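Okay, so here's the structure we're looking at.
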Amino acid sequence: MLISKKIYPVLSEFNTFALNIKKMKVYTFLIFLLSLSLFGCCSKAFAQKEDWQTYYEKSGYLKTPDYKETVEFCKRLDNASEMVTYTTFGKSAQGRELPLLIIDKQGYNKSRDVAQTNKVVILIQAGIHAGEIDGKDATLMLIRDMVIDKKNMNLLDNATLLIVPIFNVDGHENSGKYKRINQKGPEEMGFRTTATNLNLNRDYLKMDAPEMRAWHSLFIDWMPDFLIDIHTTDGADYQYPITYGMEVNGNMLPALTDWQKNVFIKTVEKSMEKAGYPIFQYVAFRKWHDPRSGLRNWVSSPALSHGYLALQNRPSLLIETHMLKDYKTRVSATYEMLVQSVSVINKEAMKLRLMINEAERYCASATFRQTEFPLSFETASDSIIVDFKGYHYDVVKSDLTGGDWFVYNNKKPVTMKIPYFNQQKAVEKVKLPEAYIIPAEWQEVIDRLDYFGIEYSRLKKETELTASCYRFKNVKLSPVSYEGRQNVISFEQYESNETVKLPAGSAIIRMNQPSAAIIPHILEPKAPSSYFSWGFFNTIFEQKEYGESYVLEALAREMLKDPKVKEAYEKVLKDDPAMKNNQPEILNWFYKNSPYYDIRLNRYPVIKIYDERQLELFE
Ligand SMILES: [Zn+2]
(Lines give C-alpha, C1' and ligand atoms only; values in the text may rest on other atoms or scores of the structure.)
Protein backbone atom coordinates (compact mmCIF):
# COMPACT_ATOMS: atom_id res chain seq x y z
CA MET A 1 0.00 0.00 0.00
CA LEU A 2 2.82 2.08 1.05
CA ILE A 3 4.53 1.21 -2.12
CA SER A 4 1.44 1.47 -3.95
CA LYS A 5 0.75 4.53 -2.08
CA LYS A 6 4.23 5.67 -2.81
CA ILE A 7 4.26 4.29 -6.22
CA TYR A 8 0.82 5.28 -6.99
CA PRO A 9 1.46 8.86 -6.79
CA VAL A 10 4.66 8.28 -8.67
CA LEU A 11 2.87 6.13 -11.14
CA SER A 12 0.04 8.33 -11.00
CA GLU A 13 2.35 11.28 -11.52
CA PHE A 14 4.13 9.27 -14.16
CA ASN A 15 0.88 8.32 -15.74
CA THR A 16 -0.27 11.85 -15.54
CA PHE A 17 3.07 12.88 -16.89
CA ALA A 18 2.83 10.24 -19.61
CA LEU A 19 -0.65 11.27 -20.32
CA ASN A 20 0.51 14.83 -20.32
CA ILE A 21 3.28 13.93 -22.71
CA LYS A 22 0.74 12.21 -24.94
CA LYS A 23 -1.57 15.14 -24.56
CA MET A 24 1.30 17.42 -25.13
CA LYS A 25 2.25 15.54 -28.25
CA VAL A 26 -1.28 15.72 -29.47
CA TYR A 27 -1.55 19.29 -28.31
CA THR A 28 1.86 20.15 -29.63
CA PHE A 29 1.01 18.53 -32.89
CA LEU A 30 -2.32 20.25 -32.96
CA ILE A 31 -0.75 23.50 -31.91
CA PHE A 32 1.98 22.93 -34.44
CA LEU A 33 -0.59 22.30 -37.15
CA LEU A 34 -2.72 25.13 -35.96
CA SER A 35 0.20 27.43 -35.63
CA LEU A 36 1.41 26.42 -39.06
CA SER A 37 -1.89 27.23 -40.60
CA LEU A 38 -2.51 30.15 -38.32
CA PHE A 39 0.98 31.46 -38.63
CA GLY A 40 0.92 30.93 -42.35
CA CYS A 41 -2.43 32.55 -42.60
CA CYS A 42 -1.69 35.28 -40.07
CA SER A 43 1.71 35.95 -41.45
CA LYS A 44 0.17 36.29 -44.91
CA ALA A 45 -2.51 38.54 -43.58
CA PHE A 46 0.05 40.31 -41.50
CA ALA A 47 2.43 40.55 -44.40
CA GLN A 48 -0.36 41.74 -46.65
CA LYS A 49 -1.45 44.37 -44.14
CA GLU A 50 2.15 45.28 -43.48
CA ASP A 51 2.94 45.46 -47.16
CA TRP A 52 0.05 47.69 -47.95
CA GLN A 53 0.39 50.04 -45.05
CA THR A 54 1.23 53.47 -46.30
CA TYR A 55 4.30 55.36 -45.16
CA TYR A 56 2.00 57.64 -43.18
CA GLU A 57 0.37 54.70 -41.35
CA LYS A 58 3.72 53.06 -40.62
CA SER A 59 4.98 56.30 -39.10
CA GLY A 60 2.21 56.22 -36.51
CA TYR A 61 0.26 58.83 -38.52
CA LEU A 62 2.95 61.43 -37.97
CA LYS A 63 4.92 61.61 -41.21
CA THR A 64 4.21 61.97 -44.89
CA PRO A 65 6.25 60.26 -47.62
CA ASP A 66 8.54 62.16 -49.96
CA TYR A 67 8.02 62.31 -53.73
CA LYS A 68 10.01 59.12 -54.44
CA GLU A 69 8.20 57.05 -51.79
CA THR A 70 4.86 58.35 -52.99
CA VAL A 71 5.53 57.48 -56.61
CA GLU A 72 6.78 54.00 -55.62
CA PHE A 73 3.58 53.34 -53.69
CA CYS A 74 1.53 54.55 -56.67
CA LYS A 75 3.43 52.18 -58.98
CA ARG A 76 2.85 49.27 -56.57
CA LEU A 77 -0.87 49.99 -56.63
CA ASP A 78 -0.74 49.97 -60.42
CA ASN A 79 1.11 46.61 -60.43
CA ALA A 80 -1.28 45.08 -57.92
CA SER A 81 -4.60 46.03 -59.48
CA GLU A 82 -6.18 46.09 -62.90
CA MET A 83 -8.26 49.00 -61.69
CA VAL A 84 -5.27 51.29 -61.21
CA THR A 85 -3.14 53.00 -63.82
CA TYR A 86 -0.17 55.04 -62.75
CA THR A 87 0.91 57.65 -65.25
CA THR A 88 2.18 61.22 -65.37
CA PHE A 89 0.72 64.35 -66.93
CA GLY A 90 3.66 66.68 -67.43
CA LYS A 91 6.77 67.97 -65.75
CA SER A 92 7.50 70.52 -63.07
CA ALA A 93 9.87 73.45 -63.50
CA GLN A 94 12.62 71.34 -61.91
CA GLY A 95 11.86 68.41 -64.19
CA ARG A 96 9.90 66.10 -61.89
CA GLU A 97 7.10 64.08 -63.47
CA LEU A 98 3.64 65.07 -62.24
CA PRO A 99 2.04 61.88 -60.86
CA LEU A 100 -1.47 60.77 -61.78
CA LEU A 101 -3.46 57.70 -60.77
CA ILE A 102 -6.46 56.65 -62.81
CA ILE A 103 -8.87 54.43 -60.89
CA ASP A 104 -11.58 52.70 -62.86
CA LYS A 105 -13.51 49.53 -62.05
CA GLN A 106 -13.17 48.27 -65.62
CA GLY A 107 -9.56 49.38 -65.83
CA TYR A 108 -10.21 52.09 -68.42
CA ASN A 109 -7.39 54.60 -68.49
CA LYS A 110 -8.13 56.67 -71.58
CA SER A 111 -10.55 59.58 -71.59
CA ARG A 112 -12.12 58.41 -74.86
CA ASP A 113 -12.91 54.97 -73.38
CA VAL A 114 -14.45 56.42 -70.23
CA ALA A 115 -16.45 58.85 -72.37
CA GLN A 116 -18.18 55.82 -73.95
CA THR A 117 -19.56 54.83 -70.53
CA ASN A 118 -22.12 56.68 -68.40
CA LYS A 119 -19.55 57.37 -65.72
CA VAL A 120 -18.60 60.77 -64.39
CA VAL A 121 -14.95 61.71 -64.06
CA ILE A 122 -13.83 63.09 -60.70
CA LEU A 123 -10.46 64.80 -60.43
CA ILE A 124 -9.05 64.73 -56.90
CA GLN A 125 -5.89 66.74 -56.33
CA ALA A 126 -3.67 67.15 -53.30
CA GLY A 127 -0.70 69.35 -52.58
CA ILE A 128 -1.35 72.28 -54.92
CA HIS A 129 0.04 73.99 -51.81
CA ALA A 130 2.60 71.34 -51.01
CA GLY A 131 2.76 72.02 -47.26
CA GLU A 132 -0.96 71.21 -47.05
CA ILE A 133 -0.49 67.57 -47.91
CA ASP A 134 -3.28 65.75 -46.00
CA GLY A 135 -4.98 64.85 -49.27
CA LYS A 136 -2.02 62.78 -50.47
CA ASP A 137 -2.04 60.50 -47.43
CA ALA A 138 -5.84 60.25 -47.45
CA THR A 139 -6.06 59.39 -51.17
CA LEU A 140 -3.30 56.77 -51.04
CA MET A 141 -5.18 54.97 -48.24
CA LEU A 142 -8.49 55.36 -50.04
CA ILE A 143 -7.17 53.80 -53.25
CA ARG A 144 -5.46 50.99 -51.29
CA ASP A 145 -8.68 50.29 -49.38
CA MET A 146 -10.70 50.17 -52.59
CA VAL A 147 -8.48 48.14 -54.88
CA ILE A 148 -6.62 45.89 -52.38
CA ASP A 149 -9.12 45.50 -49.51
CA LYS A 150 -12.19 45.96 -51.74
CA LYS A 151 -13.65 48.49 -49.33
CA ASN A 152 -15.84 51.37 -50.54
CA MET A 153 -15.96 49.85 -54.00
CA ASN A 154 -19.29 51.56 -54.58
CA LEU A 155 -17.31 54.77 -55.10
CA LEU A 156 -16.29 53.37 -58.48
CA ASP A 157 -19.77 52.28 -59.62
CA ASN A 158 -20.50 55.38 -61.67
CA ALA A 159 -17.23 57.26 -61.50
CA THR A 160 -13.68 57.15 -62.78
CA LEU A 161 -11.26 58.81 -60.41
CA LEU A 162 -8.26 60.82 -61.52
CA ILE A 163 -6.03 61.31 -58.50
CA VAL A 164 -3.11 63.72 -58.37
CA PRO A 165 -1.38 62.81 -55.07
CA ILE A 166 1.05 65.74 -55.28
CA PHE A 167 0.45 68.62 -57.67
CA ASN A 168 3.18 71.05 -56.62
CA VAL A 169 5.95 68.41 -56.69
CA ASP A 170 8.90 70.82 -56.50
CA GLY A 171 7.37 72.63 -53.52
CA HIS A 172 6.73 69.20 -51.96
CA GLU A 173 10.46 68.40 -52.01
CA ASN A 174 11.34 71.79 -50.54
CA SER A 175 10.40 70.29 -47.20
CA GLY A 176 11.29 70.75 -43.58
CA LYS A 177 9.92 71.28 -40.10
CA TYR A 178 9.45 75.01 -40.41
CA LYS A 179 7.45 75.45 -43.62
CA ARG A 180 4.00 76.15 -42.15
CA ILE A 181 4.11 78.10 -38.92
CA ASN A 182 0.42 77.70 -38.05
CA GLN A 183 0.09 74.00 -38.85
CA LYS A 184 0.30 70.92 -36.58
CA GLY A 185 1.99 68.20 -38.57
CA PRO A 186 3.08 66.20 -40.43
CA GLU A 187 6.57 66.21 -38.91
CA GLU A 188 8.03 67.63 -42.09
CA MET A 189 6.09 69.24 -44.91
CA GLY A 190 6.67 70.94 -48.23
CA PHE A 191 6.34 74.60 -49.16
CA ARG A 192 3.37 76.54 -50.53
CA THR A 193 4.78 77.64 -53.88
CA THR A 194 6.63 76.13 -56.84
CA ALA A 195 10.40 76.20 -57.39
CA THR A 196 10.00 79.58 -59.11
CA ASN A 197 7.89 80.81 -56.17
CA LEU A 198 4.57 80.81 -58.03
CA ASN A 199 1.35 79.98 -56.19
CA LEU A 200 -0.37 77.44 -58.43
CA ASN A 201 -3.72 78.34 -56.92
CA ARG A 202 -3.46 81.84 -58.39
CA ASP A 203 -2.29 80.57 -61.77
CA TYR A 204 -5.40 78.95 -63.24
CA LEU A 205 -6.04 81.73 -65.73
CA LYS A 206 -2.64 83.23 -66.45
CA MET A 207 -0.90 79.82 -66.55
CA ASP A 208 2.67 81.00 -65.95
CA ALA A 209 3.84 77.75 -64.31
CA PRO A 210 4.59 74.67 -66.45
CA GLU A 211 2.74 72.62 -63.82
CA MET A 212 -0.41 74.65 -64.51
CA ARG A 213 -0.14 74.29 -68.27
CA ALA A 214 0.19 70.53 -67.71
CA TRP A 215 -2.90 70.62 -65.48
CA HIS A 216 -4.92 72.34 -68.21
CA SER A 217 -3.85 69.75 -70.77
CA LEU A 218 -4.98 67.02 -68.39
CA PHE A 219 -8.23 68.89 -67.78
CA ILE A 220 -9.22 69.36 -71.41
CA ASP A 221 -8.30 65.76 -72.21
CA TRP A 222 -10.66 64.40 -69.55
CA MET A 223 -13.04 67.33 -68.95
CA PRO A 224 -13.73 66.06 -65.40
CA ASP A 225 -17.26 66.55 -64.12
CA PHE A 226 -16.18 67.42 -60.60
CA LEU A 227 -12.97 68.61 -58.96
CA ILE A 228 -11.92 68.05 -55.36
CA ASP A 229 -8.97 70.24 -54.38
CA ILE A 230 -7.51 69.47 -50.94
CA HIS A 231 -5.87 72.08 -48.70
CA THR A 232 -5.19 72.93 -45.05
CA THR A 233 -6.47 76.31 -43.99
CA ASP A 234 -5.01 79.07 -41.86
CA GLY A 235 -7.21 81.53 -39.95
CA ALA A 236 -9.13 81.36 -36.67
CA ASP A 237 -9.50 78.44 -34.26
CA TYR A 238 -12.79 76.51 -34.19
CA GLN A 239 -14.17 72.99 -33.71
CA TYR A 240 -14.60 71.92 -37.33
CA PRO A 241 -11.82 69.61 -38.61
CA ILE A 242 -12.83 70.53 -42.16
CA THR A 243 -14.26 73.59 -43.81
CA TYR A 244 -15.27 73.60 -47.46
CA GLY A 245 -15.62 75.99 -50.35
CA MET A 246 -17.91 75.65 -53.36
CA GLU A 247 -18.66 78.24 -56.03
CA VAL A 248 -22.30 78.90 -55.19
CA ASN A 249 -22.28 82.69 -55.04
CA GLY A 250 -22.60 83.95 -58.58
CA ASN A 251 -20.33 82.51 -61.26
CA MET A 252 -22.36 79.39 -62.02
CA LEU A 253 -25.69 78.79 -63.64
CA PRO A 254 -28.68 78.35 -61.28
CA ALA A 255 -29.23 74.59 -61.79
CA LEU A 256 -25.64 73.70 -60.90
CA THR A 257 -25.57 76.22 -58.05
CA ASP A 258 -28.77 74.78 -56.55
CA TRP A 259 -27.51 71.22 -56.91
CA GLN A 260 -24.30 72.06 -55.07
CA LYS A 261 -26.12 73.87 -52.27
CA ASN A 262 -29.23 71.77 -51.83
CA VAL A 263 -28.13 68.29 -52.83
CA PHE A 264 -24.39 67.87 -52.60
CA ILE A 265 -23.46 69.94 -49.56
CA LYS A 266 -26.60 69.18 -47.58
CA THR A 267 -26.03 65.44 -47.97
CA VAL A 268 -22.31 65.58 -47.24
CA GLU A 269 -22.84 67.85 -44.21
CA LYS A 270 -25.26 65.36 -42.69
CA SER A 271 -23.11 62.30 -43.31
CA MET A 272 -19.95 64.00 -42.05
CA GLU A 273 -21.73 65.06 -38.86
CA LYS A 274 -22.86 61.45 -38.41
CA ALA A 275 -19.30 60.21 -38.96
CA GLY A 276 -18.06 62.53 -36.21
CA TYR A 277 -16.52 65.20 -38.42
CA PRO A 278 -18.75 68.27 -38.43
CA ILE A 279 -17.99 70.50 -41.40
CA PHE A 280 -18.67 74.15 -42.12
CA GLN A 281 -18.26 76.49 -45.05
CA TYR A 282 -14.87 78.15 -45.51
CA VAL A 283 -14.39 80.46 -42.55
CA ALA A 284 -13.56 84.06 -43.34
CA PHE A 285 -14.47 86.63 -40.75
CA ARG A 286 -14.99 90.18 -41.84
CA LYS A 287 -12.25 91.02 -39.36
CA TRP A 288 -9.76 88.22 -39.93
CA HIS A 289 -9.54 86.63 -36.42
CA ASP A 290 -12.71 87.95 -34.89
CA PRO A 291 -15.85 85.72 -35.10
CA ARG A 292 -17.98 88.54 -33.68
CA SER A 293 -17.36 90.57 -36.82
CA GLY A 294 -19.40 88.01 -38.76
CA LEU A 295 -18.72 85.63 -41.59
CA ARG A 296 -18.69 86.56 -45.24
CA ASN A 297 -18.53 84.78 -48.56
CA TRP A 298 -17.47 85.90 -52.02
CA VAL A 299 -17.38 84.85 -55.65
CA SER A 300 -14.05 83.18 -56.28
CA SER A 301 -11.74 84.49 -58.95
CA PRO A 302 -11.00 82.10 -61.82
CA ALA A 303 -7.35 82.42 -60.82
CA LEU A 304 -8.30 79.77 -58.25
CA SER A 305 -9.21 76.15 -58.93
CA HIS A 306 -12.88 76.24 -57.96
CA GLY A 307 -13.38 79.68 -59.50
CA TYR A 308 -12.02 78.35 -62.79
CA LEU A 309 -14.10 75.16 -62.70
CA ALA A 310 -17.24 77.26 -62.23
CA LEU A 311 -16.59 78.97 -65.58
CA GLN A 312 -16.14 75.55 -67.17
CA ASN A 313 -19.62 74.71 -65.83
CA ARG A 314 -18.31 72.14 -63.40
CA PRO A 315 -18.77 72.02 -59.65
CA SER A 316 -15.78 71.70 -57.41
CA LEU A 317 -15.16 71.19 -53.76
CA LEU A 318 -12.41 72.85 -51.85
CA ILE A 319 -11.53 70.78 -48.79
CA GLU A 320 -9.74 72.81 -46.13
CA THR A 321 -8.63 70.78 -43.13
CA HIS A 322 -8.03 72.84 -40.03
CA MET A 323 -4.36 73.54 -39.34
CA LEU A 324 -4.66 73.22 -35.54
CA LYS A 325 -6.05 69.68 -35.60
CA ASP A 326 -3.39 66.98 -35.40
CA TYR A 327 -2.30 65.33 -38.63
CA LYS A 328 -4.11 62.03 -37.98
CA THR A 329 -7.42 63.81 -37.34
CA ARG A 330 -6.98 65.87 -40.50
CA VAL A 331 -6.11 62.92 -42.74
CA SER A 332 -8.96 60.80 -41.31
CA ALA A 333 -11.42 63.67 -41.79
CA THR A 334 -10.21 64.13 -45.38
CA TYR A 335 -10.60 60.40 -46.02
CA GLU A 336 -14.17 60.51 -44.73
CA MET A 337 -14.96 63.68 -46.70
CA LEU A 338 -13.69 62.00 -49.88
CA VAL A 339 -15.78 58.88 -49.25
CA GLN A 340 -18.93 60.91 -48.56
CA SER A 341 -18.42 63.32 -51.46
CA VAL A 342 -17.59 60.69 -54.06
CA SER A 343 -20.51 58.62 -52.81
CA VAL A 344 -22.98 61.48 -53.45
CA ILE A 345 -21.47 62.15 -56.88
CA ASN A 346 -21.86 58.46 -57.76
CA LYS A 347 -25.52 58.54 -56.80
CA GLU A 348 -26.08 61.79 -58.70
CA ALA A 349 -23.85 60.92 -61.66
CA MET A 350 -26.49 60.90 -64.34
CA LYS A 351 -28.14 64.10 -63.12
CA LEU A 352 -24.78 65.87 -62.84
CA ARG A 353 -23.83 64.98 -66.41
CA LEU A 354 -27.16 66.22 -67.72
CA MET A 355 -26.80 69.54 -65.86
CA ILE A 356 -23.27 70.06 -67.20
CA ASN A 357 -24.40 69.31 -70.75
CA GLU A 358 -27.29 71.72 -70.37
CA ALA A 359 -25.00 74.46 -68.98
CA GLU A 360 -22.58 74.01 -71.89
CA ARG A 361 -25.40 74.23 -74.41
CA TYR A 362 -26.63 77.39 -72.75
CA CYS A 363 -23.18 79.02 -72.76
CA ALA A 364 -22.85 78.34 -76.49
CA SER A 365 -26.29 79.82 -77.21
CA ALA A 366 -27.28 83.28 -78.43
CA THR A 367 -29.35 83.75 -75.24
CA PHE A 368 -26.16 83.64 -73.17
CA ARG A 369 -24.57 86.39 -75.24
CA GLN A 370 -27.66 88.56 -75.07
CA THR A 371 -27.70 88.79 -71.28
CA GLU A 372 -25.35 91.15 -69.47
CA PHE A 373 -22.46 89.09 -68.21
CA PRO A 374 -21.38 89.68 -64.58
CA LEU A 375 -17.60 90.02 -64.26
CA SER A 376 -17.12 90.90 -60.62
CA PHE A 377 -19.11 90.93 -57.42
CA GLU A 378 -19.13 92.43 -53.96
CA THR A 379 -20.63 91.30 -50.68
CA ALA A 380 -24.00 92.88 -49.99
CA SER A 381 -24.95 94.30 -46.61
CA ASP A 382 -27.71 91.71 -45.93
CA SER A 383 -26.90 88.97 -43.44
CA ILE A 384 -28.46 85.99 -41.74
CA ILE A 385 -27.67 84.56 -38.31
CA VAL A 386 -25.91 81.18 -38.23
CA ASP A 387 -24.61 78.83 -35.55
CA PHE A 388 -20.84 78.62 -35.47
CA LYS A 389 -19.00 75.97 -33.47
CA GLY A 390 -16.06 77.92 -32.16
CA TYR A 391 -13.95 77.91 -29.04
CA HIS A 392 -14.14 80.31 -26.19
CA TYR A 393 -11.44 82.94 -26.46
CA ASP A 394 -10.28 86.02 -24.62
CA VAL A 395 -8.99 89.10 -26.33
CA VAL A 396 -6.16 90.55 -24.30
CA LYS A 397 -4.11 93.61 -24.97
CA SER A 398 -0.63 92.38 -25.79
CA ASP A 399 2.03 93.87 -23.52
CA LEU A 400 4.56 93.06 -26.25
CA THR A 401 2.95 94.54 -29.34
CA GLY A 402 0.07 96.60 -28.00
CA GLY A 403 -2.30 94.78 -30.36
CA ASP A 404 -5.30 92.50 -29.71
CA TRP A 405 -4.26 88.96 -28.86
CA PHE A 406 -6.88 86.26 -29.37
CA VAL A 407 -6.15 83.71 -26.65
CA TYR A 408 -7.75 80.28 -27.03
CA ASN A 409 -6.61 78.94 -23.68
CA ASN A 410 -8.79 76.07 -22.67
CA LYS A 411 -10.35 74.93 -25.94
CA LYS A 412 -13.79 75.27 -24.36
CA PRO A 413 -16.26 74.59 -27.19
CA VAL A 414 -18.94 77.17 -27.65
CA THR A 415 -21.66 77.51 -30.27
CA MET A 416 -21.98 81.17 -31.21
CA LYS A 417 -24.74 82.89 -33.11
CA ILE A 418 -23.01 85.16 -35.59
CA PRO A 419 -24.06 87.16 -38.66
CA TYR A 420 -23.23 85.67 -42.02
CA PHE A 421 -23.02 88.07 -44.96
CA ASN A 422 -23.90 85.60 -47.69
CA GLN A 423 -25.30 87.73 -50.53
CA GLN A 424 -23.24 88.80 -53.51
CA LYS A 425 -24.19 91.43 -56.04
CA ALA A 426 -22.61 91.99 -59.44
CA VAL A 427 -20.64 95.25 -59.64
CA GLU A 428 -19.22 95.02 -63.15
CA LYS A 429 -21.32 93.74 -66.02
CA VAL A 430 -20.36 93.64 -69.64
CA LYS A 431 -22.09 93.36 -72.99
CA LEU A 432 -20.80 90.24 -74.68
CA PRO A 433 -19.79 90.37 -78.35
CA GLU A 434 -20.27 87.73 -81.02
CA ALA A 435 -16.49 87.42 -81.15
CA TYR A 436 -13.26 88.81 -79.77
CA ILE A 437 -10.22 89.22 -82.01
CA ILE A 438 -6.68 89.09 -80.65
CA PRO A 439 -4.12 90.50 -83.10
CA ALA A 440 -1.50 87.93 -84.10
CA GLU A 441 1.36 89.72 -82.33
CA TRP A 442 -0.13 88.97 -78.89
CA GLN A 443 0.97 85.37 -79.28
CA GLU A 444 1.55 84.88 -75.57
CA VAL A 445 -2.18 85.36 -75.07
CA ILE A 446 -3.30 83.33 -78.10
CA ASP A 447 -1.08 80.37 -77.08
CA ARG A 448 -2.92 80.06 -73.80
CA LEU A 449 -6.32 79.66 -75.49
CA ASP A 450 -5.35 76.14 -76.57
CA TYR A 451 -4.82 75.10 -72.96
CA PHE A 452 -8.35 76.19 -72.07
CA GLY A 453 -9.82 74.20 -74.94
CA ILE A 454 -11.15 77.47 -76.41
CA GLU A 455 -11.78 77.23 -80.12
CA TYR A 456 -10.70 79.99 -82.51
CA SER A 457 -9.80 80.48 -86.13
CA ARG A 458 -6.96 82.45 -87.68
CA LEU A 459 -7.35 85.44 -89.93
CA LYS A 460 -6.12 84.39 -93.38
CA LYS A 461 -5.00 87.80 -94.63
CA GLU A 462 -4.37 91.28 -93.27
CA THR A 463 -7.74 92.97 -92.78
CA GLU A 464 -8.77 96.51 -91.96
CA LEU A 465 -12.08 97.02 -90.21
CA THR A 466 -14.00 99.33 -87.94
CA ALA A 467 -14.80 97.69 -84.64
CA SER A 468 -15.29 98.31 -80.96
CA CYS A 469 -12.12 99.10 -79.00
CA TYR A 470 -11.36 100.02 -75.41
CA ARG A 471 -9.21 102.99 -74.51
CA PHE A 472 -7.79 103.60 -71.06
CA LYS A 473 -7.09 106.64 -68.89
CA ASN A 474 -5.50 107.13 -65.48
CA VAL A 475 -3.90 103.69 -65.49
CA LYS A 476 -2.11 102.78 -62.25
CA LEU A 477 0.27 99.86 -62.11
CA SER A 478 1.11 98.04 -58.93
CA PRO A 479 4.38 99.22 -57.38
CA VAL A 480 5.08 95.67 -56.19
CA SER A 481 5.27 92.38 -58.02
CA TYR A 482 2.40 89.93 -57.52
CA GLU A 483 2.90 86.34 -58.71
CA GLY A 484 5.79 87.61 -60.81
CA ARG A 485 3.66 90.18 -62.62
CA GLN A 486 3.05 93.90 -62.48
CA ASN A 487 -0.71 94.16 -62.13
CA VAL A 488 -2.92 97.00 -63.35
CA ILE A 489 -4.59 98.11 -60.14
CA SER A 490 -6.89 100.90 -61.35
CA PHE A 491 -7.92 102.50 -64.63
CA GLU A 492 -10.77 104.13 -66.50
CA GLN A 493 -12.09 102.47 -69.64
CA TYR A 494 -13.97 103.86 -72.66
CA GLU A 495 -15.39 101.91 -75.56
CA SER A 496 -15.59 103.39 -79.05
CA ASN A 497 -15.48 102.35 -82.69
CA GLU A 498 -12.09 102.66 -84.34
CA THR A 499 -10.53 101.55 -87.55
CA VAL A 500 -7.90 98.92 -86.94
CA LYS A 501 -5.65 96.86 -89.15
CA LEU A 502 -5.40 93.21 -88.12
CA PRO A 503 -2.49 91.10 -89.35
CA ALA A 504 -2.91 87.65 -90.85
CA GLY A 505 -2.88 85.02 -88.12
CA SER A 506 -4.97 87.09 -85.67
CA ALA A 507 -7.18 84.86 -83.52
CA ILE A 508 -10.94 85.13 -84.03
CA ILE A 509 -12.70 83.73 -80.99
CA ARG A 510 -16.39 83.22 -81.52
CA MET A 511 -18.47 83.12 -78.39
CA ASN A 512 -20.74 80.29 -79.54
CA GLN A 513 -18.85 77.59 -77.65
CA PRO A 514 -19.34 75.60 -74.42
CA SER A 515 -16.45 77.33 -72.61
CA ALA A 516 -17.75 80.81 -73.53
CA ALA A 517 -17.88 82.01 -69.90
CA ILE A 518 -14.09 81.86 -69.60
CA ILE A 519 -13.45 84.11 -72.61
CA PRO A 520 -14.62 87.44 -71.10
CA HIS A 521 -12.76 86.54 -67.90
CA ILE A 522 -9.55 86.37 -69.92
CA LEU A 523 -10.18 89.26 -72.30
CA GLU A 524 -12.42 91.83 -70.60
CA PRO A 525 -10.03 94.25 -68.85
CA LYS A 526 -12.39 94.67 -65.90
CA ALA A 527 -12.59 90.95 -65.11
CA PRO A 528 -10.85 90.30 -61.77
CA SER A 529 -8.24 87.98 -63.23
CA SER A 530 -8.09 89.25 -66.80
CA TYR A 531 -4.86 89.16 -68.76
CA PHE A 532 -5.08 92.96 -68.85
CA SER A 533 -5.07 93.09 -65.05
CA TRP A 534 -2.18 90.58 -64.84
CA GLY A 535 -0.08 92.93 -66.96
CA PHE A 536 0.04 90.93 -70.22
CA PHE A 537 -0.63 94.16 -72.14
CA ASN A 538 1.42 96.64 -70.09
CA THR A 539 3.50 97.75 -73.06
CA ILE A 540 0.43 99.55 -74.46
CA PHE A 541 0.83 102.13 -71.69
CA GLU A 542 4.38 103.04 -72.72
CA GLN A 543 4.92 106.09 -74.90
CA LYS A 544 7.87 105.32 -77.16
CA GLU A 545 8.37 108.56 -79.14
CA TYR A 546 8.67 112.08 -77.77
CA GLY A 547 8.88 115.50 -79.45
CA GLU A 548 11.71 117.85 -78.58
CA SER A 549 10.39 121.00 -76.93
CA TYR A 550 11.74 123.37 -79.58
CA VAL A 551 10.09 121.25 -82.30
CA LEU A 552 6.76 121.15 -80.43
CA GLU A 553 6.84 124.89 -79.63
CA ALA A 554 6.93 125.54 -83.39
CA LEU A 555 4.40 122.82 -84.20
CA ALA A 556 1.95 124.18 -81.58
CA ARG A 557 2.00 127.60 -83.20
CA GLU A 558 1.29 126.05 -86.59
CA MET A 559 -1.58 123.98 -85.15
CA LEU A 560 -3.17 126.98 -83.41
CA LYS A 561 -3.79 128.52 -86.81
CA ASP A 562 -6.63 125.99 -87.12
CA PRO A 563 -9.65 127.58 -85.29
CA LYS A 564 -10.90 124.14 -84.17
CA VAL A 565 -7.59 123.34 -82.51
CA LYS A 566 -7.48 126.81 -80.95
CA GLU A 567 -10.97 126.37 -79.51
CA ALA A 568 -10.14 122.92 -78.12
CA TYR A 569 -6.91 124.17 -76.57
CA GLU A 570 -8.63 127.11 -74.88
CA LYS A 571 -11.26 124.77 -73.45
CA VAL A 572 -8.59 122.48 -72.02
CA LEU A 573 -6.86 125.44 -70.34
CA LYS A 574 -10.18 126.60 -68.91
CA ASP A 575 -11.09 123.13 -67.60
CA ASP A 576 -7.65 122.45 -66.18
CA PRO A 577 -6.07 125.66 -64.85
CA ALA A 578 -3.10 123.67 -63.54
CA MET A 579 -2.00 123.21 -67.13
CA LYS A 580 -1.25 126.90 -67.58
CA ASN A 581 2.49 127.54 -67.73
CA ASN A 582 3.15 123.79 -67.52
CA GLN A 583 5.33 123.50 -70.62
CA PRO A 584 5.63 119.68 -70.77
CA GLU A 585 1.86 119.22 -70.34
CA ILE A 586 0.99 121.88 -72.92
CA LEU A 587 3.45 120.57 -75.47
CA ASN A 588 2.27 117.02 -74.87
CA TRP A 589 -1.31 118.14 -75.55
CA PHE A 590 -0.24 119.43 -78.96
CA TYR A 591 1.77 116.29 -79.60
CA LYS A 592 -1.23 114.12 -78.72
CA ASN A 593 -3.42 116.06 -81.12
CA SER A 594 -0.89 115.98 -83.94
CA PRO A 595 -0.65 113.24 -86.56
CA TYR A 596 2.72 112.23 -85.04
CA TYR A 597 1.09 110.73 -81.99
CA ASP A 598 0.96 106.91 -81.73
CA ILE A 599 -2.75 106.09 -81.77
CA ARG A 600 -2.10 102.65 -80.31
CA LEU A 601 -0.98 104.15 -76.99
CA ASN A 602 -3.48 103.23 -74.22
CA ARG A 603 -5.68 101.39 -76.74
CA TYR A 604 -6.56 97.78 -75.96
CA PRO A 605 -5.42 95.64 -78.88
CA VAL A 606 -8.20 93.07 -78.45
CA ILE A 607 -11.31 94.11 -80.35
CA LYS A 608 -14.96 93.15 -79.95
CA ILE A 609 -17.27 92.30 -82.84
CA TYR A 610 -20.93 92.72 -81.92
CA ASP A 611 -22.43 92.28 -85.36
CA GLU A 612 -22.44 88.70 -86.57
CA ARG A 613 -22.56 89.87 -90.19
CA GLN A 614 -19.17 91.48 -89.75
CA LEU A 615 -17.76 88.04 -89.01
CA GLU A 616 -18.63 86.96 -92.54
CA LEU A 617 -15.65 89.07 -93.61
CA PHE A 618 -13.42 86.40 -92.17
CA GLU A 619 -15.09 83.34 -93.69
ZN1 LIG B 1 -4.03 75.93 -49.69
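Read the numbers this way: they start at 1 and go in the same order the structure lists the ligands and their atoms. We use all heavy atoms of the structure for the numbers below, so side chains are in, but hydrogens, waters and symmetry mates are not. None of these values were measured; they are calculated from a predicted model.
- For residues 231-242, every residue pair satisfying the salt bridge (Lys or Arg N to Asp or Glu O under 4.0 Å) rule, not counting sequence neighbours, is listed here: R180-D234, D237-K411.
- Within H129, the N, O or S atom at minimum distance from the Zn ion (ligand 1) carries the name ND1.
- Ion pairing between a basic and an acidic side chain is recognised when a charged N comes within 4.0 Å of a carboxylate O; R144 and E57 show such pairing.
- Applying the ring pair (Phe, Tyr, Trp, His ring centres under 6.0 Å) test to every pair with at least one member in residues 173-196, sequence neighbours left out, gives no pairs at all.
- Classification of D66 and K68 as a salt-bridged pair fails, no side-chain N sitting under 4.0 Å from a carboxylate O.
- Distances from the Zn ion (ligand 1) to the N/O/S atoms of E132 are shortest for OE1.
- With respect to the Zn ion (ligand 1), H231 has ND1 as its nearest N, O or S atom.
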